[in-house]
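Each remark here refers to the structure printed beneath this line.
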Amino acid sequence: MDTKELGFHSKLVHSGGVTDSMGSAVTPIYQTSTFQFRDADHGARCFSGEEEGYIYTRLGNPTIQELENAMAELENGYGGIATSSGMAAVNTVYLGCLGAGAHILSHDALYGPSRNIMETLYPRYGVEYTYLDTSDHENVKRSIRPNTRLIYLETPANPTIGLTDIAAISAIAHERGIPVCVDNTFCSPYLQKPLDLGADIVLHSMTKFINGHADVVAGMIVAGNRETYQRLRTVMVNMGFNMDPHQAFLVRRGLKTLGLRVERAQTSAMKVAEFLEGHEAVEWVRYPGLRSHPQYDLACRQMKGPGAMISFELKGGLEAGKKVMNGVKLALLAVSLGGVETLIQHPASMTHSKVPEPERIKAGITGGLVRISVGIEDVEDILADLEQALSHI
Ligand code: LCS
């Protein structure tokens, strides 16, 4: 069915449709590495591109394609490229856009490994980088070099919940012919559509809100146009960053309830953020739904809702943070985010521990920062759990 005119929740359920000959309601798991050709000429035509057809699962597979089609539709993009993990998606974009002598400009607070590989691995291949506060547009303009080939954003940023104005940065980048990629993991297309705001590429760790059930690691890139799509798809296929059909099946299943899950989690997150902001042990809270967020106006403009990710700093710093993390009973002390269960973690010693301390502090990832991913449990239970954990301080 043509899903173009449907509402977002209907698209979540119906988009991407790959029909199979049995008429199954759900696209089956095509757990096969390879596909039979009808005859030698058919095989040759599939390889030459004269005829569309599946060849080999690293190149394409119906279960994976359904998820790629669905995500491309949800992000209003040209085409989706599913990857084995979020980091495979990040590397596909880096490899597709950068090369020896190229320069990347990015936000200083990013998911740790997205920055760490650029500082430790990519310099071996002659890539230069600049990390800065991308909410300072003049500084962004000054820091663009003649060899800048990619502006890479993550908004809200992991773990500071700092925001970047996608439309403003895209306008600056496009004046200079530079593509913009946005990691949309914290929002999902339910809350933010970077391609509509001017970005050229959007990527996800689908391990998080998209799958939503903490049982799969997966990634996705959606390219805004055909040329970018083909360039990135070639990288993914040849690097072997592809997804597995079983992974695709699980993520497609999780995607159907994305809107319901995010809606409920963010309603609870607002209450959790207000509770934390009013607590005497808490120094400050960063949540896009709070007026105290320095970019509250941008959040209202750019995001359909504030999401379910909260960071906060305790007055007692790291020692107090440890007591809270060791004290939670309902929330899980675990990295990752965006699942049905509430998770709590300490970025400086966990997700961002590989970022050298001076840069980490400069990016706002202080020793006392604690990050919560609010789940879909009863909010009263989440609040009671945090209340008793905070009482340990
Ligand atoms: N981008 C963002 C914004 C992320 O938060 C993560 C993982 C990735 C990319 C990488 O995705 P993966 O390969 O893990 O699917 N973020 C994690 C986090 O904050 N805790 O554990 C993983």
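Remember, it's 1-based here, ligands and their atoms both numbered in the order they're listed.
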Item to check | Steps toward side-chain contact (heavy atoms from CB on, under 4.5 Å) verdict (D200, T228) | outcome: CA-CA 8 Å; D200 305 277; T228 309; 5.6 Å; no

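- Remark: K208 fails to qualify as a cation-pi partner of F186 under the 6.0 Å distance and 45° angle criteria applied to the six-membered ring.
- Geometric assessment of R115 against the ring of Y131 yields a positive cation-pi assignment under the 6.0 Å and 45° thresholds.
- Protein residues lining ligand 1, listed by chain and number: S85, G86, M87, Y111, E154, N158, D183, T185, S205, T207, K208, V217, A218, V335, S336, L337, T351, R371 [non-hydrogen atoms, distance under 4.0 Å].
- Note on ring orientation: taking the six-membered ring where Trp is involved, the planes of Y78 and Y229 are perpendicular (angle over 60°, cut-offs 30° and 60°).
- For the residue pair N184 and E75, a side-chain donor N or O sits within less than 3.5 Å of a side-chain acceptor on the partner.
- Judged purely by distance below 3.5 Å, without hydrogens or angles, the side chains of S188 and H204 never pair a donor atom with an acceptor atom.
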